[in-house]
Structure formats: C-alpha cells, structure tokens
Protein chains: 2
Amino acid sequence: MSNSQATSINALLTPTSYLVLGLLAREGPCTPYDLKRHVAATIGHFWSFRHALLYKEPPRLVELGLATEEREQAGRRRRLFTVTAAGIDAVRAWLERPSRESTELRDPGLLQLFFADLASSDVRRALVLEQLAIHRAKLVEYEAEARLERGSDRPLPGHRTVEHWRGQTLSMGVRYERAAVDFWQGVATTIAADEAAAV
Amino acid sequence: MSNSQATSINALLTPTSYLVLGLLAREGPCTPYDLKRHVAATIGHFWSFRHALLYKEPPRLVELGLATEEREQAGRRRRLFTVTAAGIDAVRAWLERPSRESTELRDPGLLQLFFADLASSDVRRALVLEQLAIHRAKLVEYEAEARLERGSDRPLPGHRTVEHWRGQTLSMGVRYERAAVDFWQGVATTIAADEAAAV
DNA sequence: CCTATCATGTAATCCGTTACATGATTAT
DNA sequence: ATAATCATGTAACGGATTACATGATAGG
C-alpha cells in the first residue's frame, strides 16, 4: 500500500479532483466530454462544474500520477483518461476521511432577498415571484428525473448499486427544492399580506 | 439618472460586489472588518466570504467609482469605505433584475455519498453518520440564532425591517438543514437495514 | 445544402483562497 | 506580564470562469 504517498497527495486535491477521479474509477476510461455527461446527470444539477474545468483537471491528475492519458491521432484527437492505482488509492483515502466542511449554499436570489429592504415593494415582489417560479421549475425537473432513476433501480436490500447512490444524490436535490419552494411561498404570502395592509 | 452607466457596470460585478455594496448602502460606512461581522451573522453561515475577500473587494469598487475610501493615519490605519450614489444605483439596478441563476449547493459530504459505491460498508457508514452529525449541529445552531433574531423583531405588518429580511435569510438556512437532516437520517436507516440483511 | 446544435479543445483573465504578518485587547 | 484571541492588512498562487474557436452530426 502506498498510503504514505496517498495522504500527502490528498492535500493537493480539490473536490473537482475527486469528482474526476471517482468517475474515472467507476465508469472506466473517459474523455472530458464523457465526464461532463456523467456529471450533468446528477451532482451537476446543483454543483456546476463547467466543461472547461473537466478538460483542465484530468491533465493535472496525470501530472500527479493519478491518471494516464491516451490521445487519438485521428480527426478529433480526443483525450482519453484512465485512473491509475494511485488514483484509486487517493479516492479511497478521501472517502475514509468524511468531510467536515459544511455546505456552501450559494443562492443569488437569497442574496437579493437579504437586501430586500433596499428595494421598493414592487421590485421586491417581482424578485420573490421570480425565485418562487425558479424553484418550482427545478423541483418539477428533479422529481421527473428522480422518477426515471427509480424506474431502473430495483435494489436488492444489502446490495446497493451505483444508480442507487446517484438517485440518493438527486433526492437531496428534491428535498432542497421542496424546502426552497415552501420558503419562497411563505415570503410571497407575507408580502401580499403587507401590501393588503398598506392600502 | 445615470442608468445607462449603471447597466454596463453591472456586468463587471460579482455577488461579492453586491454583498459589499448592499452592506455599505444600508449599514453606512464600514471597514472591511465591519463587513465581515455583518456577513457572519447571516448569509455568511452558508455562503462563506473569506475575510481576505472583504478586504480586496472594496478597493475594486473604489476603482469603479462605486465607493470611496478614507484611511486612518493613526495606529491601525483602518480603511473606511463609503458607498457612492453610483454604487447605490448599481445595487438598485441589480435588485431590479431578479437573478435567474439557480442555487449552487456545494456539499462535500454529498459528493462523497455520490461515490459511496467505491467504499466499503464501514467507510460508508462512518461517512453518513458524520454528515448526519454535522447537519444536526448546524440545525441547532441556526435555530438558536433564528430565535434570537425573532426576539428583537416585532414587525408591524406592512413595515418590514432590515432585521426581518435578515431573519428570513436565516430561516432558509434552517429549512435547508432540516431537509438535510431528514435526508441523511433516511440514508442512515437504509444502510443499517442493509447491514442487518447482509448477516 | 445549410443551419443549428453537439462535441471538443485551449488561452487568458480574475476572483477567491491560502499563507503570512503584526497591531490591539482581553483574560488569567 | 503573558498568553490568547481579536482585529487588520497584504501578497502570491492557482483554480474556476469567460471567451474564443472549430470539427462533427443531424434535422429541415
């Protein structure tokens, strides 16, 4: 076991690194575009990894000896990346150290609400209704996808599949959006009441 | 109105910019440390703005003519920033364009769960329990603070105060953490059932 | 055949983080 | 007094975003 190496390497890796390593580890060799597709299906819904990132990260991993690259000579010159044993070690080591950092919940709409007192009540209302609409739409979207997932996922207890954990991730998304819809609905109601009282 | 200017300037501003501008607009002149304190109380709970950022952003705003700086000559040489009329215009313009970008929900723990199939069931369990603990702690923390806020906030309907919107922000945090606790609790239960079935 | 969208890649810029430093206050 | 923590600031590095660019594929 090259664990002594793995632990020092882990200091150099970001969440993006683990995303890529993890995907390479379980989906097999990928082009950056493959990575993009895998990401888009789940985590990508609420943790955006821009495509340029997924093109830049793998080479970094290659430098660290955690992946290898193979490049097409034909027209597209695709870059195909494969995880190395050291790469898998790094993922394992990462999973063995449960993250203690708390969630970054960056919602531009919420930031605007935070400054709602600086706006007129018209502006405020528009703002709130927009957020409500956004979160409702997202909720519908996630729920639809969650249903799809569940269709193909018939887990035998005690033997959870890849799809199972993917589905779980999505389900957190659903829960968040539900909470958000409730929240903004409450805000909208309050505002409406205020306007009625102001007449 | 210098709205034609304001709109072009808005393209150069980040959420951080609006955070600073907004705070300067409603709390009055601030040192970077003041900003830090204001942030820590609310949004800072789930959208971390490191202190170095809050020292770097204001000068940027000064360059753009959205704020002015005054510096102490005495021992501490504090930098005191004040928002300009153009700065206030920029905030207003921003609020008038409800953000359409969806929430970035960056949870390292969830990323780990996403790759749970790559770990042993022991590692998996540790992971889940850790997240559950984290979110429970956060929930307690937020709820406590939300109670404090509500103590000082006695809103007359139709006349919401600054504190009111601050409180709202926190309340979204509470909702998120509740959702997270539910979620991880569910995962923990499933895992426990699996382990029982595996014997 | 042409247009739109998908697929693929790179370079430059810049925001945000990490790291470093030190001056004041408070507590012990 | 002295340690510890709060308060304040800057510099450097690097990851992430924006912007640019073009090769394939499919639909009309």
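When reading the values below, keep in mind they use all heavy atoms of this one structure, side chains included, and skip hydrogens, waters and symmetry mates. Order of the sequence lines sets the chain letters (A, B, ...), proteins ahead of strands, with each chain counted from 1. Computed from a prediction, not measured in an experiment: that's the story for all the values here.
The CZ-C1' distance, from R78(A) to dT10(C), rounds to 18 Å in whole Å. One interatomic measurement links the two molecules: CG of L54(A) to P of dA16(D), which rounds to 10 Å at whole-angstrom precision. Between K36(B) atom NZ and dT10(D) atom P the separation is 16 Å, expressed in whole Å. Nucleotide dC15(C) holds its C1' atom 15 Å from the OH atom of Y18(B), rounded to whole Å. Taking atom CD of E104(B) as the reference point, atom P of dG16(C) lies 13 Å away to the nearest angstrom. Between L53(B) atom CG and dT8(D) atom C1' there is a gap of 16 Å when expressed in whole angstrom units. Put simply, CG on L19(B) is 14 Å from C1' on dC15(C), counting in whole angstrom units. Rounded to an integer number of Å, the gap from CG of D34(B) to P of dC6(D) is 16 Å.
Comment: R60(A) engages E57(A) in a salt bridge, judged by a side-chain N to carboxylate O separation of less than 4.0 angstrom.
Mapping T31(B) and R106(B) onto DNA chain D by nearest heavy atom places T31(B) closer to the 5' end of the strand.
The heavy-atom pair separating W165(B) from A116(A) by the smallest distance is CD2-CB, 3.7 Å. The two residues G65(B) and T84(B) come nearest to each other via the heavy atoms O-OG1, 2.8 Å. Pairing each heavy atom of H38(A) with each of C30(A), the nearest pair is CD2-SG, 4.2 Å.
With F114(A) as the aromatic partner, R26(B) meets the cation-pi criteria of under 6.0 angstrom to the ring centre and within 45 degrees of the ring axis.
Each of L80(B) and L54(B) belongs to its own hydrophobic cluster when Ile, Leu, Val, Met, Phe, Trp and Tyr are linked at side-chain heavy-atom distances under 4.5 angstrom.
Using cut-offs of 30° and 60° on the angle between ring planes, the pair F49(B) and W47(B) is parallel.
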Set out, line by line, the N/O atom pairs under 3.5 Å between protein and nucleotides 18-22 of chain D.
{"from": "dT18(D)", "atom 1": "OP2", "to": "R50(A)", "atom 2": "NE", "distance (Å)": "3.4"}

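Within 4.0 Å of R37(B), counting heavy atoms only, lies no atom of the nucleic acid at all.
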Distance-only criterion, 3.5 Å: show the donor-acceptor pairs between side-chain atoms of residues 126-141 of chain B and protein atoms not counting sequence neighbours.
{"from": "E130(B)", "atom 1": "OE2", "to": "R100(A)", "atom 2": "NE", "distance (Å)": "3.2"}
{"from": "Q131(B)", "atom 1": "NE2", "to": "S99(A)", "atom 2": "O", "distance (Å)": "3.0"}
{"from": "H135(B)", "atom 1": "ND1", "to": "E177(B)", "atom 2": "OE1", "distance (Å)": "2.7"}

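Between T16(A) and dA16(D), a side-chain N or O to OP1/OP2 separation shorter than 4.0 Å is present.
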message = Using the rule given for side-chain contact (heavy atoms from CB on, under 4.5 Å), can you reason through L21(A) versus W94(A), listing the C-alpha separation, both sets of side-chain angles and the distance that settles it, and then say yes or no?
response = CA-CA 11 Å; L21(A) 285 174; W94(A) 170 62; over 6 Å; no

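Interface residues of residues 57-67 of chain A facing DNA chain D, ordered by number: R60(A); criterion, heavy-atom separation under 4.0 Å.
Picking from dG9(C), dG16(C), dT8(D) the nucleotide with the shortest atom distance to the side chain of K56(B) gives dG16(C). Comparing dT17(D), dG9(D), dT10(C) against the side chain of Y55(B) picks out dG9(D) as the nearest.
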